[in-house]
Amino acid sequence: MFDSEYDDCWLRYDRAESDRLDTYRRLCTHAYVSDAGPELVAVREELRRGLGGLLDREPHLWHHPPRSVEGFLAIGGPEELRPISETVDPEEVRALDDDGFLIRSVEWEGSQCTVLTAPADAGLVYGTFHLLRLMSLGEPIDDLDIVSEPANAERIVDHWDNPFRRKVERGYAGPSIFDWERLPDLDERYADYARLLASVGINGISVNNVNTRIPSREGANDATSEWEGWQLIESRNLEKIAALAGVFRRYGIELYLSVNFASPVLAGDLDTADPVEPEVAAWWERKATEVYDLIPDFGGFVVKADSEGQLGPYDYDRDHAEGANVIAEALAPHGGRLWWRAFVYSEHDDRAVQAYETFEPLDGEFADNVTVQIKNGPIDFQPREPVSTLFGAMPDTDLGCELQITGEYTGQGVHACYLVPQWKEVLDFDTHADGPDTPVKELLADREGQGITGVGIVGDDPNWFGHYLLGSNLYGFGRLAWDPDLGSEEIADEWTRQTFGAGDAGETILEILMESWQASIDYHTGGIGLMHMMYNGEAALENHYDPAPEEWPEYHGATEEGIGYDRTAAGSGYAGQYREPIADRYEDPETCPEELLLFFHHLPWDHELEDGTTVVQRLYDNCFSGVEAVEELRDRWQGLEGEIDERRYRHVAERFDEHVLQAKRWRDTLCAFFYEHSGIEDEHGRPPAV
Ligand code: GCW
């Protein structure tokens, strides 16, 4: 339906199946839509596109109740349209979360009316996409009674897009979708991107890289870098931001900006960013007012401080709460929020322990409009990590869980890897924060200012994601952030049917997605807790795509006698940061889950696992089975030739060929590395045994 050169992803709105078409036409050809806010313009446009495709006929959009029609849609606020206010109790609607919506089949003046209402216009946008999703999935809509509210108040995509030269850090789908040179001129693709995000309930977007400055080798204060003038917070750039905010606003999406902690120096004329200095506080206040004068519904700022060369409060011997609060206080009068990243490491031998040691003591010290944004695991978006110990450790601080939609460590834009099962594992993890059964998803849910952020994946490539199958991750991120109780398979099934249609091909693609993550874990890590063995090499060349275990002894702990990292009390003590009984479980190799064993323990190569297999043999077996799994997935994809359009078939098939090659590269490199250190051959005599 996108009348453009790029893919329409899951918003295809293909003609409904005949068994549904008549009912859909009877109930939805006519739509009475309020024309209150900017969001209703988006609602009308989406109805034209969606119903136009699904009903295979132009829908009639009315400004009053259509007369003598069998059925019609009525979309608007609880008291805006009579078909709604006379059939639904406005109190019931007003009681819903702001982004929530209600869809109900009712009788009104002799017509079968499907009312869609919400306490706020953003809910009407999400509700409209939900109704069109049900129809795209061929679901019955003649007896609806849906009340849907997001579990997470904030559902934000964080872009790591650099404003200059449109490079996306850890982006594998071409240049940045945002053309900062041309902004505030708008590209129609911005609105289509907003549609994709709103269609899965996403309500926030941060448009630029958290690395707001590439630190020069000589240190961060080098003003000569070509970043000059590309601090988007600079006054000259704000109209670009405002233009983008206008596009996303129509789809109920608030805009955020990553800013440098030292913006008063980099984007201002101060010579300090010390948070306790009154002139610094005054600078942030002026800056916030300047932004909100242009963008009244601006979401707020995202800050990466004291991390990977980015400036921060430590540069002024202040702690992270002091650093954050000066910015938050400037945002507060405007209703803005500061997302302060907890991705701080490098002070400790064991990188895993630092975030907790830095932030847990600051619980309750952050201003009310600060959300501490925590990566799902203690290392860095690895194929599988334990859950960060900060979840459940800061009850008096608003928290956000940061996930990575782009596959930096899971094959980038080349390997098919559906990440929703990984995210489910994180969100379902029981932190025991308030005793048993306190999963992460519960800690985050139903609390203003809390939620889930995802590192963005889209780029300017026609397929948006670098790989057609990876669209499932953006789709899945939104659906899961809205409802963490949805199943991975359920979400994958929804995405597959909307993107590739129902039928056998869809079934096969669903299977491929559901098996892809475990395969990725196995060939990238050996599947029992090792991680972070990727090529880093020369900073300029680092790609995190190729294997290079030899670069990371402090991560895998491989020695002649064993492998793994001792994070028990006898080691770095990281396991002790968890609450009981989790700490005990991880502390003991007998009770530690096998999939995380070598993350918590350094064990002899011939240590016997529960089924008697040794550690080294399990590593060999998993690396080999990871490759076999990818070969199997490729075979299944090849079986779809002729069943799906040539363009997408060919695109994915080519990537599967590279996927198999690269998986073998990881397998062979890791197995050679394990053999080199252990001197123990693979029991099955499989090469490479160097
Ligand atoms: O994952 C690592 C990446 C960096 C990224 C950093 C972060 C934006 O390798 O590219 O920087 O984490 O999360 O800040």
Side-chain angles (χ1 to χ4, degrees), residues 156-173 176 205-215 220 227 230 232 256-261 301-312 314 320 323 339-347 351-352 354-355 358-359 371-385 388 390 400-413 417 419 422-423 426 452-459 466 473 477 524-525 531-548 551-552 555:
I156 303 176
V157 169
D158 279 1
H159 278 248
W160 285 355
D161 296 31
N162 295 329
F164 75 110
R165 282 197 282 120
R166 300 182 71 175
K167 181 160 178 343
V168 181
E169 185 159 343
R170 315 305 175 193
Y172 313 107
S176 169
I205 181 170
S206 174
V207 289
N208 61 321
N209 193 349
V210 288
N211 283 335
T212 45
R213 264 176 75 78
I214 294 201
W227 278 66
W230 278 111
L232 291 179
Y256 295 79
L257 199 61
S258 293
V259 294
N260 193 286
F261 174 76
F301 296 138
V302 180
V303 172
K304 171 179 180 176
D306 293 322
S307 171
E308 298 188 332
Q310 298 301 311
L311 292 169
Y314 285 173
H320 278 261
W339 291 76
W340 188 267
R341 297 178 84 228
F343 184 58
V344 176
Y345 64 97
S346 71
E347 305 281 314
R351 145 181 198 172
Q354 185 168 345
T358 302
F359 285 87
T371 299
V372 172
Q373 180 168 322
I374 306 163
K375 287 194 177 187
N376 55 285
I379 300 294
D380 191 14
F381 300 135
Q382 296 301 297
R384 173 180 263 145
E385 292 190 37
S388 167
L390 276 173
C401 176
E402 183 179 311
L403 304 171
Q404 194 176 46
I405 307 171
T406 185
E408 176 180 356
Y409 298 102
T410 55
Q412 307 186 354
C417 184
L419 292 169
Q422 180 201 72
W423 303 335
V426 171
I452 301 182
T453 68
V455 178
I457 182 173
V458 305
N473 287 329
F477 170 79
H524 274 121
T525 73
M531 58 187 72
H532 208 276
M533 298 180 284
M534 72 291 165
Y535 178 75
N536 212 35
E538 283 312 299
L541 302 173
E542 57 97 313
N543 62 23
H544 293 181
Y545 181 68
D546 293 317
E551 284 191 36
W552 307 99
Y555 283 76

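In each ligand, atom 1 is the first atom listed, and ligand 1 is the first ligand listed.
Gln422 places a side-chain N or O within 3.5 Å of a backbone atom of Gln382 that can act as its donor or acceptor partner. With hydrogens and angles ignored, the 3.5 Å screen pairs a side-chain donor or acceptor of Arg351 with a backbone N or O of Ile379. Checked by atom type and distance alone, the side chain of Asp306 pairs as donor or acceptor with a backbone atom of Tyr314 at under 3.5 Å.
Close approach of ligand 1 to His544 is summarised as follows: ligand atoms under 4.0 Å from at least one heavy atom of the residue are 9 (O). Annotation for ligand 1: atoms under 4.0 Å from non-hydrogen atoms of Lys375 are 1 (O), 2 (C), 6 (C), 7 (C), 12 (O), 13 (O). Residue contact check: Phe343 has heavy atoms under 4.0 Å from atoms 6 (C), 7 (C), 12 (O), 13 (O), 14 (O) of ligand 1. For ligand 1, the atoms lying closer than 4.0 Å to a non-hydrogen atom of Asn211 are 8 (C), 11 (O). Near Asn209, with a cut-off below 4.0 Å to any heavy atom, the atoms of ligand 1 are 8 (C).
Classified by interplanar angle (parallel below 30°, tilted 30° to 60°, perpendicular above 60°), the ring pair His320/Phe359 is tilted.
The side-chain heavy atoms of His159 and Ile205, taken from C-beta on, include a pair separated by under 4.5 Å. Taking 4.5 Å as the limit, every side-chain heavy atom of Val210 sits out of range of all side-chain heavy atoms of Phe343.
Of the candidates Glu169, Gln310, Glu308, Gln382, Glu169 brings a heavy atom nearest to atom 10 (O) of ligand 1.
A side-chain hydrogen bond (donor to acceptor under 3.5 Å, both in side chains) with Asp380 is found for exactly one of Lys375, His544, Gln404, namely Lys375. Looking at Arg170, Lys304, Glu169 one by one, the single match for side-chain hydrogen bond (donor to acceptor under 3.5 Å, both in side chains) with Asn209 turns out to be Glu169.
At least one N/O-N/O distance between Glu408 and ligand 1 falls below 3.5 Å. Taking only nitrogen or oxygen atoms, main chain and side chain alike, Asp380 reaches within less than 3.5 Å of ligand 1. In terms of polar-atom proximity, Lys304 is counted as a contact of ligand 1, with an N or O under 3.5 Å from an N or O of the ligand.
Under 4.0 Å from ligand 1, not a single heavy atom of Val455 appears.
Under a 4.0 Å heavy-atom criterion, Arg341 is in contact with ligand 1.
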